**Student:** 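Below you'll find the structure I mean.
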Amino acid sequence: MSALDPLTTTAATTEETGAAAPSAPRVRRPGVLRRTLAARQAQVGLGVLVVVVLWAYLGPLFYPWTAQQSDVTAFGQPPSAQHWFGTNSIGQDIYAQTLAGLQKSLLIGFIAGPAASILAGIVGAVAGYLGGAWDRVLVWVIDLLLVIPSFFVLILLSPLFKQLSWVAMVAAIAAFGWMVMARVIRGQTMSLRERDFVKAARFMGVPTTTIIRRHILPNVASLLIIDATLGVGAAILTETTLSYFGFGVQAPQVSLGTLLAAGSSAAVTRPWLFVFPAGVLIITVLATSLLGDALRDAIDPTSGADRA
Amino acid sequence: MIGFVLRRFVNYVLLSAFATALGYVLASLTLNPAARFLGRNPPIPQASIDASLRQVGADPGVPVLTRLWDWSLHLLTTGSLGISARGTEVTADILAKAGTSLRLLVIGTVLGAVLGVAVGVWGAVRQYRLVDKVTGYGSFVVLATPTFVVAVLLMIGATQFNNAVGSQVITFTGEYSAGITGSTWDLLKDRLVHLLLPTITLTIFAVASYSRYQRSAMLDVLSADFIRTARAKGRGRASALIQHGVRVALIPMSTFFAYSFGLILTGASVTELVFSWNGMGQYLIDSISNNDINASAGTILFTSVLVLISGTLADVLYAALDPRVRI
């Protein structure tokens, strides 16, 4: 699920950044955005993502059916001019449902992914900057959360999602999606801490929170942006998997996961119930990971496109 | 090296213990074991509800931490995880189901790791060629797809294949055909056929993610000086790449194997559920719908022990590969 996490950078970088202190800190470069957008992969990813978001929110305005409505004259019909993606066994329009589910899934992804990155930034910066006991405790918490299989814990927490709402699920998904990036940020912060501008701020008596906010976080922002982009896709995948097994978004509401759950049993006889929502889901997540990967190539000179 | 592995092992044991304790507390907070007895007609007397709750160690009058302490003490002294909501021993239940999950997990992990490393190295050596692009974009697409979608698509494919052939060549529901009889060979063949689609599902994901990390690690190594030195000394390209390159590129991967095990575990549970295997994924879901605290915590213990084992193995691999650790 969170397979999109940039573990490449971790597996190699956690150790390396600690050791190769002086060269490691990456300063934001003005050309990053331009270079990112120059890559075709980024153009495709961003373009598709924008189209998907616009489609999810504007599409229903130009379509006669709503997600809950059921057409009593068309039960279980294949795609037609009237019902673009066909209908299910009680006559609900799959196109309208897919768009409604897409809205929910996008919302969950766009909240949980960046939220996890913000958490990663704060925990990583605090652990790396303060060092000592803080660092040991926080790293231990990170390791603890990494060994707990998050899918099982999310299932264990699912009674809460039913009582509260999908917002609780978003919080839980974010709570299990930040650990890897926090380790990377910690490594970066440890080397930033020794740089002159941070030292100068410290010796001038700038409070720790201000240093972290004004000097550390802006310097790791590029990593956090990559992580947030990739996190959107990862969160959507977690949500759909949870919802597929009935642990996520609950009945009156639709997400792509609940739609796929409803459609999968009839996937052989009525493929349109399954294939269209699955296709939309894959395209959405693929777009976020293409964009995130292109961002990483543009920001991190040791990864991807430009290296020997 | 032994010191390093031992230190890491002790760390993993502590982490697993905490993870299990956390699992027990979470289960106690979210699950309500009394729910099974409420709303019955005729109503069950409060005294007998209390008695059966006390029997499974879920007396709501006792604070959660005290219950956790009793449960852990019981586990350490007798090795028993307590009684499940259905009155069976949780330890015995888990031992019975673990085999199912482990079979899938071990095959999927080993196949995935070996193929993933091979594909990753191949892609790195042939960077920007057709192979690299195909495997690169292929793994992007796979990683953007939820596990259950791949599983369902494979099922559709198998059904159409069966229809085309005209007989049930590929069977995929459960671990074996219900009520099958015959020689040992027939039974084995039946199980292997049932194993086919779940294994493919799990392996596809493992290969997709391992190959991307392996490619990246391998690319870091390819331009390193020691490869050039090995070539300059007269080593052949293949032997330099494999004996010097792949070995070094595997070092960061060994860390990744440990971290990614949780993902494989998740993938395996999802695969089990889709293919109606009666393994640990199903057991956890049943225990949650039964409001069974002991069984849920037992599942978390099971998974943390697996993470403990895989983490230690990854460290042994790391120590074996990296000469700086081997003292």
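Small disclaimer: the values here were computed from a predicted structure and weren't measured. Below, chain A is the first sequence line, B the second, and so on; all start at residue 1.
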**Student:** Picking from A:Leu286, A:Ile282, A:Leu281, what satisfies side chain to side chain contact (heavy atoms under 4.5 Å, CB included) with B:Thr145?
**Tutor:** A:Ile282
**Student:** Can you name the nearest heavy-atom pair linking A:Leu144 to B:Leu15, along with the distance?
**Tutor:** CD1-O, 3.4 Å
**Student:** Select one option (side chain, backbone, both, neither) describing which atoms of B:Ile300 are under 4.5 Å from chain A's heavy atoms.
**Tutor:** side chain
**Student:** Using heavy-atom distances under 4.5 Å, tell me whether B:Ser269 contacts chain A through its side chain, its backbone, both, or neither.
**Tutor:** side chain
**Student:** Which of parallel (below 30°), tilted (30 to 60°) and perpendicular (above 60°) describes B:Phe148 and A:Tyr244?
**Tutor:** parallel
**Student:** Could you tell me which portion of B:Asn11 (side chain, backbone, both or neither) has an atom closer than 4.5 angstrom to a non-hydrogen atom of chain A?
**Tutor:** side chain
**Student:** May I have the list of side-chain donor-acceptor pairs in residues 17-24 of chain B shorter than 3.5 Å, sequence neighbours left out?
**Tutor:**
unit_1: B:Thr20; atom_1: OG1; unit_2: B:Ser16; atom_2: O; d: 2.7

**Student:** Find the one option among A:Thr240, A:Leu160, A:Val275 whose heavy-atom pairs under 4.5 Å with chain B are most numerous.
**Tutor:** A:Thr240
**Student:** Using non-hydrogen atoms only, which part of B:Tyr137 is less than 4.5 Å away from chain A: side chain, backbone, both, or neither?
**Tutor:** side chain
**Student:** What's the shortest heavy-atom distance between A:Ser264 and B:Val152, and which atoms?
**Tutor:** CB-CG2, 4.1 Å
**Student:** By side chain to side chain donor-acceptor pair (under 3.5 Å), which residues pair with B:Thr299, not counting sequence neighbours?
**Tutor:** none
**Student:** So what's closer than 4.5 Å to chain A heavy atoms on B:Ile251: side chain, backbone, both or neither?
**Tutor:** neither
**Student:** As an exercise: rank B:Leu14, B:Leu284, B:Leu31, B:Leu265 by heavy-atom pairs under 4.5 Å with chain A and give me the winner.
**Tutor:** B:Leu284
